[in-house]
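Shown next, in structure tokens, is the structure this report addresses.
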Amino acid sequence: MTDFTRTRTLFDLPEGVVYLDGNSLGPLPKAACQRVAHMMAEEWAKLLITGWNKAGWMDMPSRIGDRIARLIGAPAKSVVMGDTLSIKVYQALASALELRPGRPVVLSDSGNFPSDLYMAQGLLASLGRDYELKVVEPEAVADAIDETVAVTMITEVDYRTGRLHDMKTLTKKAHEAGAVAIWDLAHSAGAVPVDVSGSDADFAVGCTYKYLNGGPGAPAFIYVAPRLADAIRPALSGWLGHEAPFAFERDYRPGAGIERMRVGTPPIIALASLDAAMDAWDGVDMLDIRARSIELSERFIAEVEARCPGLELASPRDPNRRGSQVSFRFKRGYETMQALIAAGVIGDFRAPDIMRFGFTPLYLDIDDVLAAVARLEEIMKRRLFEEPAYAVRAKVT
Ligand SMILES: *Cc1c(COP(=O)(O)O)cnc(C)c1O
């Protein structure tokens, strides 16, 4: 059984703040400060360039990849860290498309995060002519999988509503039609139990600054099914994905397995922070996370619906069809969220009218949920969202 009172002590959260935005940026794990300071003062300062060998920097993308692998049901040596999620989406899609020459369609859905769609648009434009990005409603994905589809590119949990796709069923459907299945786990890794092996996913990608608490801009991960990893061609054929980077050969040869999805020099300071963040997951069972997350979010929904008329649930009501976030629609959602943040409850807003709340059992409990609803109720009752100061739009919402 996961000890959530222990995990809570591992995070540095400001006094009095209820943080319901760990789905967007996880809070600071206390150990990350020490780890980064150690990396800088003891490794970088003292070892200089020998740190690549002596401090094991060069192995960090694979070593931390193995720590992520445990949380997403992947075997060791099938996940590697680096770059940002957008880049990893591009890499996965480029390699996947080459596995299905002659098929014109990349299938995704309108609940996907825009960057995934933008990266696909950019890649397909480079490939030219014959490709089409087909974007259907989330409920229509299964029926849209046919023999024209080369790749399904689906994000398991919808960033706006929290709606959860059935990864296993859709992957099976994709495979039956002869398509390759890419899964984006941005809102899944550390949020819900994921089983990339059991679902037979071909590729999976995700970021580590959301539920995994790696820090702003923390490096992304990519998984390639071991049955494919030695067969795919990496489109971003950087030197660190080469079979022998330090042979400095003129021509590219892909490295073994997942190593070929590395691109350039890994961000060691950011990886040190992420490594420390991953310590918080030691001894954590994703089934316990799931049970607690459902308990917290069900209570939140019940309390908000009872005490805050005017807010309309935008997430699926069935917890089995939701990830670890809850969204409510409200016309003055932006202003209400600003008022809520001013009152110490941090969630976020997604246009046009969605207020998002993330539930992260590592550092949240029922008291946090009740405190958050009490403050929200107060804002709604006193119509604090009408204050002009809360209507000012910031760059990041
Ligand atoms: C958060 C998120 C991203 C962000 O990509 P970055 O390159 O890390 O900025 C991309 N896709 C999905 C599905 C996301 O949820």
Side-chain angles (χ1 to χ4, degrees), residues 23 85-86 88-189 191-192 194 196 199-207 223 225 312-318 320-323 325 327 329 350-354 356:
N23 52 307
L85 175 51
S86 303
K88 287 330 200 191
V89 166
Y90 185 99
Q91 276 187 300
L93 184 57
S95 291
L97 280 171
E98 288 190 10
L99 296 173
R100 294 296 180 272
R103 288 195 177 209
V105 174
V106 173
L107 179 66
S108 192
D109 72 69
S110 56
N112 205 345
F113 190 79
S115 198
D116 296 37
L117 302 176
Y118 301 160
M119 293 309 282
Q121 286 164 4
L123 172 59
L124 298 189
S126 300
L127 295 175
R129 338 156 288 284
D130 304 325
Y131 285 107
E132 178 200 348
L133 173 64
K134 191 169 172 183
V135 180
V136 301
E137 291 302 301
E139 299 71 27
V141 170
D143 287 338
I145 299 174
D146 61 24
E147 262 82 62
T148 65
V149 176
V151 179
T152 58
M153 185 187 77
I154 311 284
T155 296
E156 190 188 21
V157 178
D158 187 310
Y159 74 104
R160 276 203 205 93
T161 63
R163 180 203 30 73
L164 179 70
H165 270 304
D166 183 340
M167 188 165 160
K168 193 164 185 172
T169 305
L170 284 181
T171 304
K172 187 159 179 273
K173 189 105 207 274
H175 287 171
E176 280 165 4
V180 176
I182 299 176
W183 285 96
D184 189 324
L185 305 177
H187 294 273
S188 307
V192 295
V194 179
V196 290
S199 309
D200 206 21
D202 298 296
F203 294 81
V205 293
C207 52
Y223 161 84
E312 181 202 339
L313 183 66
S315 300
R317 190 164 290 282
D318 177 357
N320 297 311
R321 293 177 170 270
R322 280 199 310 265
Q325 72 173 69
S327 304
R329 277 185 214 287
R350 287 296 174 260
D353 58 356
I354 298 254
R356 291 198 307 182

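Predicted model only: the values in this text are computed from it and were never measured.
- Between the side chain of Thr171 and the main chain of Ala201, no donor-acceptor pair closer than 3.5 Å is present.
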What's the verdict on side chain to side chain contact (heavy atoms under 4.5 Å, CB included) for Leu97 and Leu124, showing C-alpha distance, side-chain angles and the deciding distance?
-> CA-CA 10 Å; Leu97 280 171; Leu124 298 189; 3.7 Å; yes
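- Here the shortest heavy-atom pairing between Met153 and Ala120 reads CE-CB, 3.9 Å.
- Using modelled atom types, one side-chain atom of Arg103 and one backbone atom of Glu147 make a donor-acceptor pair closer than 3.5 Å.
- Of all the heavy atoms in Ala181 and Asp202, the pair that sits closest is N-OD2, 2.7 Å.
- Within the 4.5 Å cutoff, side-chain heavy atoms of Asp109 are placed close to those of Arg163.
- Of all the heavy atoms in Asp130 and Pro104, the pair that sits closest is O-CB, 3.3 Å.
- The CD atom of Gln325 lies 7.0 Å from the OG1 atom of Thr161; values are rounded to the nearest 0.5 Å.
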Carefully, step by step, assess Lys173 and Thr152 under the rule side chain to side chain contact (heavy atoms under 4.5 Å, CB included).
-> CA-CA 10 Å; Lys173 189 105 207 274; Thr152 58; over 6 Å; no
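- You'll find the side chain of Lys168 stays beyond 4.5 Å of the side chain of Lys172, heavy atoms only.
- Closest non-hydrogen pair, Leu107 versus Ile154, comes out as O-CD1, 4.1 Å.
- Closest approach of Thr169 and Asp166 over heavy atoms only: OG1-OD2, 2.7 Å.
- Side chains of Ser327 and Arg160 form no contact here, defined as non-hydrogen atoms less than 4.5 Å apart.
- Contact annotation: the side chain of Val106 never approaches that of Ile182 to less than 4.5 Å [non-hydrogen atoms, C-beta and beyond].
- Contact check for Arg100 versus Val151: no side-chain heavy atoms found under the 4.5 Å cut-off.
- Annotation: the span from Leu133 atom CG to Ser108 atom OG amounts to 6.5 Å, rounded to 0.5 Å.
- One finds the OG atom of Ser115 at 10.5 Å from the CD atom of Gln121 (value rounded to the nearest 0.5 Å).
- Across every non-hydrogen atom of Lys88 and Val205, the tightest pair is O-CG1, 3.6 Å.
- Residues Trp183 and Leu170 are in side-chain contact: their nearest non-hydrogen atoms beyond the backbone lie under 4.5 Å apart.
- Two residues are said to be in side-chain contact when any heavy atoms from C-beta on lie closer than 4.5 Å; Pro316 and Leu164 fail this criterion.
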Decide yes or no on side chain to side chain contact (heavy atoms under 4.5 Å, CB included) for Met119 and Leu93, but give the supporting numbers first.
-> CA-CA 9 Å; Met119 293 309 282; Leu93 184 57; over 6 Å; no
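- Residues Leu99 and Phe203 meet the side-chain proximity criterion, which asks for heavy atoms closer than 4.5 Å.
- Applying the ring-ring contact (aromatic ring centres under 6.0 Å, His included) test to every pair with at least one member in residues 139-160, sequence neighbours left out, gives these pairs: Phe113-Tyr159.
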